K.L.:
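Take a look at this one; I'll ask things after.
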Amino acid sequence: MSQTVSSPAPGTRLAKRHAPIINRTIAIDGLTIVADILHQAAQRLEQIGDDGLGNGRPFDLDTLWQLLQRGRTYATPSSWAELYQLLNEQIQEQITFVERRRRGDYTTDPYGFDEDILARVRPLMRFMYRFWWRIDAFGLENVPATGRALLVANHSGVLPWDGAMIATAIYDTHPARRLVRNLYLHWFNTLPMVAPLFASLGQVAGRPENAVRLLEEDEIVCTFPEGARGVGKRFQQRYQLMRFGRGGFARVALQTGTPMIPVAVVGAEEAYPMIGNAESLARLLGLPFFPITPFFPWLGPVGTIPLPTHWTITFGEPISTVEYGPDAAHDPLIVSKLSQQVRNIIQETINTQLAVRTSIF
Amino acid sequence: MTVIFIRGSDTQLGQRLVQACASHPHVRLVVMEQNLPPTSSGEHMAELMRQEQVDVVINLASAGEEAPAQNRDQAFQANVLHSSDLLGACARAGVKRIVLRSSTLVYGSHLKHAAFLDEETRFARSARSPLISDYVEQEQIAAEFARTHPDQAVIILRCASLVAPDWPSPLVRYFAQPRPCMLFGFNPRIQVLHPDDAVAAYLLAAEADVSGAFNLAANDPLTLLQAIRLAGRQPQMFLEPVVMLARRVIPREQVLGYWPFAMDLLRYSCVADIRKAQAQLNWQPAYAARAIVEELNTAPAVIQRSRV
């Protein structure tokens, strides 16, 4: 079917103008990519049943998978009754959930983190992690099971999906299943819906005071020192680290004696290939940048769907800061040395991962 | 024996403080009511303090907190000018320790504010409600006084909104509405404080060897949405651009209903860090925020009619 579409039969006007061989290669390449994605997705789908992480959240992938499994025996009346009961239970569960929320009967932590909301968003995050981007996480053993740690990562991909995926990697595949506190650009707090959503997912505005407080409470904090410069860079500049802010993250790590863990994310750059930046439009709308990708804004909301590239997330070995002492936070030379050291490790890890990568999908 | 002079002893907080002091055997009280007769000037207060050999002065007089202000001029008179007079009287009488009341909302709302604001945070130049701008001005006067009178300790207790059933504070009035307002898409964190905890802090501040500002609030801030729901209400959501447009023509209260603070505080959080008070005043809030707000749930809804 696809062959007839992409390489028309000889004799048509199209085939005379273009070499059919090119059309065929593109079609075959495209098919291989799609087949590859489906194959990898199918492999993940098989893993999900027995990895012990899917603990029956309503309407998540596991439930869907169970329903699909049962699909073979739907023909009998008893399985229809079973299905009805299952759906009924799900609906009841939703109703009690909404009632409980309306009573205010839930807990948020002092930063506004709301476990209920995270549980609702987690299925989407797991879907993106396992099926969409088929992420491989390396070096998870470098992330401590207890105590403070500062993850320092490269930022890419227009929308901050990388932060969500680093958090998912640790929440879903690290044995300690810890919550990662991403530090986000405080500009997001001006956006309706986004500000409360970020807060309820345990994210905190990127102020040094917030990072210090969280680390003193022995949490895992993740920061992207490139900030908006990282996510807003053009496709030509992919995998070239931008300036690492003013090294504030190193100062915070020194002040609190926190080990810094360099994190390299590869694959997110191609999720939204940003071919242009409409700066005047960005200024008009008050955005840090206005991305133009092959699909956005031309396709509207559909254009915001990221490409299903294949990602790797590599957690490097922790860099200890405790031996410098908290006073070193006021020494600009130590701060810039550490900042540079972390930046170099991330860039090297990215280069290594790029070298072993065979396809972006 | 410590002699404590309380100005504003007839206010709600003043009455509780007087009761609490009564159980202290080594405290002698000198009290003055909030609404002074016109004849009583700063000199009169200084004379009284000298006669009674007052050690500590606590100023609780504020118009617009528990008792609504009659008008703006009178509120400014009570909050700023009388506080200034009081400080002058303390200087005259050589009072060692002065404790003032302020609010955690003096920090204002700012996009770049940290999640927890410590006492060193600069006050944001945001819009302020009249009461909060009075507090800011009073704090500026107090800071200037502390600079020029180094041997007199000035303590400023920045209290989060006092909340308890039967307590007539602005935030309680907000929660008493059938549908308290919120801005769609925003859910700031808020802090509350139980009056008993505030009283405990005033007693500690009267005796502790400290000076400067202290934040007071109950443990664990709540999100506004959860607080409204715990108080037994459901919020009414407003679209911010619509409110901004409508309030140019109609008074804000007719658009939004009652919201005692600046509009920005419906968008951004202003949450204070209480660790300094815990460490230096040895103060611990006995009531958690959630328990304080839940107590309001038992109180019936009062339909507020806005007056222009």
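Note that the coordinates shown come from a computational prediction; the quantities given were computed from them, not determined experimentally.
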K.L.:
Do we see a donor-acceptor contact under 3.5 Å between the side chains of A:T108 and B:Q226?
P.N.:
yes
K.L.:
Is A:R103 in contact with chain B via its backbone, its side chain, both, or neither, using a 4.5 Å heavy-atom distance?
P.N.:
backbone
K.L.:
Surrounding CZ of A:F97 (heavy atoms of other residues, nucleotides or ligands, distance under 6.0 Å), is the total greater than 12?
P.N.:
yes
K.L.:
Could you tell me which portion of A:L197 (side chain, backbone, both or neither) has an atom closer than 4.5 angstrom to a non-hydrogen atom of chain B?
P.N.:
neither
K.L.:
Side chain, backbone, both or neither: which part of A:T107 has a non-hydrogen atom closer than 4.5 Å to chain B?
P.N.:
both
K.L.:
Please classify the contact between B:F184 and chain A as side chain, backbone, both or neither, with a heavy-atom cut-off of under 4.5 Å.
P.N.:
both
K.L.:
Under a 3.5 Å cutoff, is there a donor and acceptor pairing between the side chains of A:E217 and A:Y111?
P.N.:
yes
K.L.:
Evaluate the side-chain proximity of B:Y202 to B:R101: yes if any heavy-atom separation is below 4.5 Å, no if none is.
P.N.:
yes
K.L.:
For a side chain to side chain contact (heavy atoms under 4.5 Å, CB included) with A:I220, tell me which candidate from A:L150, A:I261, A:L151 qualifies.
P.N.:
A:L151
K.L.:
For the candidates A:V204, A:V194, A:N210, which exhibits the highest count of non-hydrogen atom pairs separated by less than 4.5 Å from chain B?
P.N.:
A:N210
K.L.:
Given heavy-atom pairs under 4.5 angstrom as the criterion, report whether the side chain, backbone, both or neither of A:D105 touches chain B.
P.N.:
both
